[in-house]
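A quick note: this is a predicted structure, and the numbers were derived from the prediction, not measured. Order of listing sets the numbers, starting from 1, for every ligand and every atom in it. Counting begins at 1 with the first residue of the sequence.
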Amino acid sequence: MSQAFDVVVIGAGPGGYIAAIRAAQLGFKVACIDEWKNAAGGPAPGGTCTNVGCIPSKALLQSSEHFEHANKHFADHGISVKDVKMDVAKMVARKDEVVKQNNDGILYLFKKNKVTFFHGRGSFGKAVDGGYEIKVSGAKEETLTGKQVVVATGSSARQLPGVEFDEVNVLSNDGALRLGAVPKKMAMIGSGVIGLEMGSVWRRLGTEVTILEAMPAFLSAVDDQIAKEAKKAFDKQGLKVELGVKVGEVKSTKTKVNITYTDAKGAEQKLSVDKLIVSIGRVPNTTGLNAEAVGLQLDDRGAIVVDADCKTNLPGVWAVGDVVRGPMLAHKAEEEGVAVAERMAGQHGHVNFGTIPWVIYTSPEIAWVGRTEQQLKADGVKYKAGTFPFMANGRARALGDTTGMVKFLADAETDEILGVHIVGPMASELISEAVVAMEFRASSEDIARICHAHPSLSEATKEAALAVDKRTLNF
Ligand code: FAD
Ligand code: NAI
């Protein structure tokens, strides 16, 4: 006997669990299926983000930053500490507790919103009259029917061809978040977001980190000026990034990983490390969904093909988050989840892809929204730029963290803000003002005329907006 629902959501990551909650708020009878297991084999909703992504990585970034502050920066404040030690097991246990709080929080939210949760793998059975049959295979086999289905199955780490993750020496983001001791030497392949964040964690704890990156430019999606400023800071910290490399053989022995690569000058190089993290992007999770049973269309990367509204080729089947096109970000997945639930209810859900912020949680943090200077040039857009360094910001001086700048890019004629790029302290929080401004299609003059609290890092945002019109007050 199958259980009938209005909406069945497959996947309880940020895309799926948020879609399920919003659909329930809108009056639908909702089921959400997720297969993630915690260490005890129980449910662990929250997806990559909660279990092996956003949340645990930020917990480790915080712990390692405290460690680095205690070791290197407390003395500047007159605080002397001796024998600062890192108990890695405790740091990891704290991270696991933070993850658990988030898993439990989602289970609570499901109860509160009357979403029925199923722990197991969801897959398409067949199209039935007025919907789809969805099978759940877990501790208990169940069959559900949903008038509408939302696929939010997320993504997994991409492997280097021929190099399997053993999660002991060759690590994906999963193993990288579970190391029990500080390795002496570590390599990362790929200096994207994970390479830089996880590289920072282990570098702060004392590991000698080398990041091997195929592209000749550092962080090519980031505004060039901001990327250069960030690279300077990482070089100073001793986070070694080699650009323009071609990785050759990767051989894992019991205790070492030996890597050969060709450097940017064409010379053959060898690197032997204790741990290797492969962070070269992610692939959509569609195997095991039995998409072929209902004719759900996938592209050649295995991602589900959707239109701008997250509609698939099948009536009543939607897909959101990492399993579809667009940036692989938790907040993008959430926005799509909300929009899809609202569209199912006949409302006008909306996601503005032009104002999705990006944040890299290194130190300094890097955050941006909108177009970069190089994109504006390529698009032939006439623009004005204004920058303001944190060096000239009183709060940054008081914090003892004056690296970086805020940069505004505005239309040369209308002054509408086209992009805001930040490298520096708390860039992750500062970027929200720019997102709001761009959503309201504000001009740089609008931000320049708003009263910002003193002393605050946000004054650097106001000053960068003033800089667009070449009238900074404090620089
Ligand atoms: P996921 O979070 O991947 O969730 C999909 C869920 O579906 C999983 O629980 C999976 O087990 C389940 N599932 C898959 N197939 C099935 C099936 N057939 N049946 C049942 N369940 C299934 N993004 C940010 O915005 N900020 C960050 O700081 C950030 N940090 C990150 C750090 C790391 C190390 C990584 C790897 C990623 C990070 N991301 C970050 C990206 C973010 O985690 C993803 O963009 C986000 O999790 C995507 O959400 P989703 O719901 O689409 O998929
Ligand atoms: P990424 O796409 O950010 O970076 C991958 C890097 O690997 C690129 O620079 C690419 O040029 C390089 N690369 C690819 N193949 C290579 C090869 N064979 N040899 C050497 N370099 C190679 O991917 P990453 O870091 O794996 O992260 C995946 C995604 O997860 C991110 O794109 C992002 O969407 C999300 N994420 C978001 C975070 C955040 O918002 N703070 C944090 C971590 C991940």
Side-chain angles (χ1 to χ4, degrees), residues 9-19 32-37 43-58 60-61 106 118-124 134-138 150-158 160-161 163 172-174 176-177 188-199 211-221 241-247 250 261 277-291 319-324 326-334 336-337 356-362 365-367 428:
V9 181
I10 309 178
Y17 91 79
I18 288 290
C32 185
I33 311 165
D34 192 278
E35 64 180 348
W36 207 294
K37 289 188 181 128
T48 302
C49 170
T50 299
N51 293 296
V52 291
C54 324
I55 300 300
S57 62
K58 267 79 254 180
L60 296 189
L61 278 157
I106 295 166
F118 293 88
H119 190 210
R121 166 159 292 208
S123 60
F124 282 98
I134 304 291
K135 299 202 180 293
V136 184
S137 28
V150 182
V151 184
T153 46
S155 66
S156 305
R158 182 193 302 282
L160 262 182
V163 186
S172 69
N173 54 298
D174 187 355
L177 292 158
M188 342 274 290
I189 299 182
S191 88
V193 200
I194 295 180
L196 291 171
E197 289 188 356
M198 294 315 298
I211 309 185
L212 302 175
E213 166 59 46
M215 297 291 280
F218 181 63
L219 283 179
S220 47
V241 183
E242 280 211 46
L243 298 169
V245 311
K246 192 166 185 311
V247 174
V250 176
Y261 64 96
I277 299 178
V278 179
S279 48
I280 56 169
R282 298 180 63 78
V283 289
N285 289 333
T286 41
T287 46
L289 251 186
N290 205 18
V320 301
D322 280 12
V323 78
V324 304
M328 288 186 168
L329 294 173
H331 41 285
K332 176 263 191 186
E334 290 183 18
E336 286 183 334
I356 294 176
W358 276 84
V359 178
I360 306 178
Y361 293 82
T362 43
E365 291 185 345
I366 304 165
S428 55

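Within the 4.0 Å heavy-atom criterion, neither part of N173 lies near ligand 2. Here K332 has no heavy atoms under 4.0 Å from ligand 1, in either its backbone or its side chain. Only the backbone of S155 comes within contact range of ligand 1, with a heavy atom under 4.0 Å; no side-chain atom does. Counting heavy atoms under 4.0 Å from ligand 1, residue L329 touches it through both backbone and side chain. Here V52 has backbone heavy atoms under 4.0 Å from ligand 1, and that is the only part of it that gets that close. Of the heavy atoms in M198, none comes closer than 4.0 Å to ligand 1. Contacts between S57 and ligand 1, counted as non-hydrogen atom pairs separated by less than 4.0 Å, involve the side chain only.
The protein heavy atom nearest to atom 7 (O) of ligand 2 is G190 CA, 3.2 Å. Remark: minimum distance from atom 53 (O) of ligand 1 to any protein heavy atom is reached at G154 CA, 3.1 Å. The protein heavy atom nearest to atom 39 (C) of ligand 2 is V359 O, 3.4 Å. Counting only heavy atoms of the protein, atom 25 (O) of ligand 2 lies nearest to I194 N, 2.9 Å. Protein heavy atom at the shortest distance from atom 9 (O) of ligand 2 is E213 OE1, 2.7 Å. When only non-hydrogen protein atoms are considered, atom 4 (O) of ligand 2 lies nearest to G192 CA, 3.2 Å. The protein non-hydrogen atom at the shortest distance from atom 22 (C) of ligand 2 is I280 CG2, 3.6 Å. At the top of the distance list for atom 5 (C) of ligand 2, counting protein heavy atoms only, stands S279 O, 3.5 Å. Among protein heavy atoms, the minimum distance from atom 34 (O) of ligand 2 is reached at M328 O, 2.6 Å. Shortest contact from atom 45 (O) of ligand 1 to any protein heavy atom: D322 OD1, 2.8 Å.
Geometrically, ligand 2 and A214 share a nitrogen or oxygen pair separated by less than 3.5 Å. Checked against a 3.5 angstrom limit, the closest N/O atoms of M215 and ligand 2 fall outside it. Taking any N or O of G46, backbone or side chain, none lies under 3.5 Å from an N or O belonging to ligand 1. Among the atoms of D34, some N or O lies under 3.5 angstrom from an N or O of ligand 1. Between E197 and ligand 2, at least one N/O pair is under 3.5 Å apart. Annotation: L329 places no N or O atom under 3.5 Å from an N or O atom of ligand 2; distance criterion only. Residue R282 places no N or O, backbone or side chain, under 3.5 Å from any N or O of ligand 1. Taking only nitrogen or oxygen atoms, main chain and side chain alike, V247 does not reach within less than 3.5 Å of ligand 2. Checked by distance only, ligand 1 and G53 stay at 3.5 Å or farther apart across all their nitrogen or oxygen atoms. Residue L289 has no N or O atom closer than 3.5 Å to an N or O atom of ligand 1. For A333, no nitrogen or oxygen atom sits less than 3.5 Å from a nitrogen or oxygen atom of ligand 1, counting backbone and side chain alike. Looking at ligand 1, you won't find any N or O of N285 less than 3.5 Å from one of its N or O atoms. At a 3.5 angstrom cut-off on N or O pairs, I189 does not count as close to ligand 2.
Close contacts between ligand 1 and G321 involve ligand atoms 52 (O) [criterion: under 4.0 Å to a heavy atom]. Using a 4.0 Å cut-off to heavy atoms of R121, the atoms of ligand 1 that qualify are 18 (N), 19 (N), 20 (C). In the vicinity of C49, heavy-atom distances shorter than 4.0 Å reach the ligand 1 atoms 2 (O), 43 (O), 47 (O). In summary, the atoms of ligand 1 found under 4.0 Å from a heavy atom of G47, numbered by their order in the structure, are 2 (O), 4 (O), 8 (C), 9 (O). Which parts of ligand 1 touch A152 is read off a 4.0 Å heavy-atom cut-off, strictly below it: atoms 5 (C), 6 (C), 7 (O). Proximity to Y361 (heavy-atom distance under 4.0 Å) selects the following atoms of ligand 2: 41 (N). When each atom of ligand 1 is checked for a heavy atom of I10 under 4.0 Å away, the hits are 17 (C), 19 (N), 20 (C). Near N173, the atoms of ligand 1 lying under 4.0 angstrom from a non-hydrogen atom of the residue are 34 (C), 36 (C). Residue K58 approaches ligand 1 through these ligand atoms, each under 4.0 Å from one of its heavy atoms: 27 (C), 28 (O), 29 (C), 30 (N). Proximity to L160 (heavy-atom distance under 4.0 Å) selects the following atoms of ligand 2: 18 (N).
Between the side chain of N51 and the backbone N or O of A44, at least one donor-acceptor pair lies under 3.5 Å. A distance-only check finds a donor-acceptor pair linking the side chain of H331 to the backbone of P357 [under 3.5 Å]. Looking at S279, its side chain does come within 3.5 Å of a backbone N or O of I189 through a donor-acceptor pair. In this structure a side-chain-to-backbone donor-acceptor pair under 3.5 Å is missing from K135 to G122. With hydrogens and angles ignored, the 3.5 Å screen pairs a side-chain donor or acceptor of N285 with a backbone N or O of T153. With E334 contributing its side chain and P14 its backbone, the two residues share no donor-acceptor pair below 3.5 Å.
Residue G120 places a heavy atom less than 4.0 Å from ligand 1. Under the 4.0 angstrom criterion for non-hydrogen atoms, P327 is not in contact with ligand 2. For the ligand labelled ligand 1, residue Y361 lies inside the 4.0 Å heavy-atom shell.
For atom 36 (N) of ligand 2, the nearest non-hydrogen atom from the set V193, V163, D322 belongs to V193. Of the options P327, G15, G122, the smallest heavy-atom separation from atom 18 (N) of ligand 1 is shown by G122. With atom 23 (N) of ligand 1 as the reference point, the heavy atom nearest to it among A330, A157, G337 is part of A330. Among E334, K37, H119, E35, the residue whose heavy atom lies closest to atom 21 (N) of ligand 1 is E35. Residue T153 holds the heavy atom nearest to atom 15 (N) of ligand 1 of all those in I134, I277, T153.
Under the 4.5 Å side-chain criterion, counting only non-hydrogen atoms from C-beta, V323 is in contact with P284.
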